[in-house]
Amino acid sequence: MFDPVYIRKDFPSIHQFYEGKNLVYFDSAASALKPQAMVDRLSQYYAFEASNVHRGAHFLSDRATGYYEDARQTVADFIGAGEDGDIIFTSGTTDSINLVAHSFSQLLNSGDEILISKMEHHSNIVPWHLVAERLDLKIQYIDLHEDGRLNWESFIDKLSSKTKLVALTMVSNVTGVINPVKEVIQKAHEVGAKVLLDGAQAVSSFEVNVQKIDCDFLAFSGHKIYGPNGIGVLYGKSELLNKMPPYRGGGSMIKEVTEEGSTFLSAPFRFEAGTPNVGGAIGLAAAVKYFSSYDRHEIHQHKKFLLSTLENKLSDMPEIKLFTHGEQDRIGVCSFEVKGVHHSDISTLLDQEGYAVRSGHHCAQLLMKHFGSSGTLRASFDIYNTVDEIDGFVVALKKAIGFFK
Ligand SMILES: Cc1ncc(COP(=O)(O)O)c(C=O)c1O
């Protein structure tokens, strides 16, 4: 049964004290805490199983290869990848998007368009800036409504036969808004465009099944779903991936190397040059198994409940400006500001009370510009957070505000 109080036992770092105060972690949208099961699996790998993969002729290497490929299968099952898709291990969402930007763009022609939204994390903006300049591609931006939700009319307006890729986040890391990606994909495919989804904030909140939504690519990071740092995933449709040139060259990705040039293995291996993060992949698989031991619907409901609990309390405080309201199409991420007080001053005082929140532009400067804000305070929730923590947070927030007013 889903019970956050029971779940908290699985996360050692939540039981720490900071300056005599209980640590309350409301920054899971940046990085989730780690369950003991994942930590144990990682240390088991490094203590007894560490070896290189795909190239050894000995027991340790064979076993590590088996675990590494099992981890790929676990991730494939987790996102419903099926036989027509591949799982590429990368270092994270940023790396996955850079891979698509640098490799898929090689298939495009001068003047072709990439369509992104103004709510994207910089990792889904800057790679496109880099390749657009080099390959003479045009970036179009989907506008947002005042509260940060995607403007469907703007999407339809900007989508055209020139659009070759729509690169969209499934969930905003600032507002927690969930985008209607299935409808976006349907429309994009009608004009022949491919779709890359940034699933960084989505996969740890609700079910993401790549075959059901029919996306062409999906990127996400291990550390946001209780996994280790430095490991991430790019899912892609195999047919498409095998048309794309490798993004990086090196060992383990070639068929043959001659003085004249190299030929390449099929996906996923053509995109995994060099020694991969074997331990990271195994740790990620353990994290995914841990996450999957709970009902995803219940996890989603829990986070939304925490969100609405906080927002209801904040709505009663005249000093607070909430940027987005309502839990209907959102995950447990809440951005707000204290009117007339800099966000980092408030987060410093909250930190002194043991409350970890994020403050700043959250790598989403286009969205900050849209909001006319230099930065927000962001509280984000996960399975180990409770209503009691929110009650305490509001008390600490009022105390911090009192310091400035
Ligand atoms: C929506 C979104 N996309 C991409 C990223 C980048 O993830 P990473 O730094 O793990 O590559 C983040 C991280 O906060 C995010 O929230």
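Along the sequence shown, the residues carry numbers beginning at 1. Numbering of ligands and ligand atoms starts at 1, following listing order.
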*Do ligand 1 and Asp95 have nitrogen or oxygen atoms that lie under 3.5 Å from each other?*
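No, since none of the N or O atoms of Asp95 sits under 3.5 Å from an N or O of ligand 1.
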*Looking only at distances, please establish whether an N/O atom of ligand 1 is found under 3.5 Å from an N/O atom of Thr169.*
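Thr169 vs ligand 1: no N/O contact under 3.5 Å.
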*Should Val203 and Phe78 count as side-chain neighbours, where that means a heavy-atom distance under 4.5 Å?*
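Yes, their side chains come closer than 4.5 Å.
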_Which residue is it: Asn209, Val181, Leu197? I am looking for the one with a side chain to side chain contact (heavy atoms under 4.5 Å, CB included) to Cys215._
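Filter result, single survivor: Leu197.
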*If you look only at pairs with a residue in residues 184-195, which of them pass as a salt bridge (charged side-chain N to carboxylate O under 4.0 Å, His left out), with sequence neighbours excluded?*
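Listed by first then second residue: Lys187-Glu190.
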*asked:* Taking salt bridge (charged side-chain N to carboxylate O under 4.0 Å, His left out) as the cut-off, I'd like each qualifying pair that reaches into residues 262-282, sequence neighbours left out, listed once.
replied: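 Residue pairs passing salt bridge (charged side-chain N to carboxylate O under 4.0 Å, His left out), neighbours aside: Arg72-Glu272.
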*So is Ser123 close enough to ligand 1, meaning a heavy atom under 4.0 angstrom away?*
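Ser123: in contact with ligand 1 (<4.0 Å).
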*Among His362, Glu120, Gln201, which residue places a heavy atom closest to atom 16 (O) of ligand 1?*
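The option holding the nearest heavy atom is Gln201.
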*Nearest-option assignment for atom 10 (O) of ligand 1, heavy atoms, candidates Ser91, Gly232, Ser221, Ala219*: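 Residue with the shortest heavy-atom distance to the ligand atom: Ser221.
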*asked:* Applying a heavy-atom cut-off of 4.0 Å, say which part of His223 lies close to ligand 1: side chain, backbone, both or neither.
replied: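 Looking at His223 and ligand 1, just side chain atoms fall under 4.0 Å.
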*Backbone, side chain, both or neither: what part of Thr94 comes under 4.0 angstrom of ligand 1, heavy atoms only?*
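Looking at Thr94 and ligand 1, atoms from backbone and side chain both fall under 4.0 Å.
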*Using the ring-ring contact (aromatic ring centres under 6.0 Å, His included) rule, pick out the option among Tyr384, Tyr25, Tyr6 that qualifies with Phe11.*
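Checked Tyr384, Tyr25, Tyr6 against Phe11; only one passes ring-ring contact (aromatic ring centres under 6.0 Å, His included): Tyr384.
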*What protein heavy atom is closest to atom 14 (O) of ligand 1, reported as residue, atom name and distance in Å?*
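For atom 14 (O) of ligand 1, the nearest protein heavy atom comes out as Lys224 NZ, 2.5 Å.
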_Tell me if the centroids of the rings in Tyr68 and His54 come within less than 6.0 Å of each other._
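They qualify: ring centres under 6.0 Å apart.
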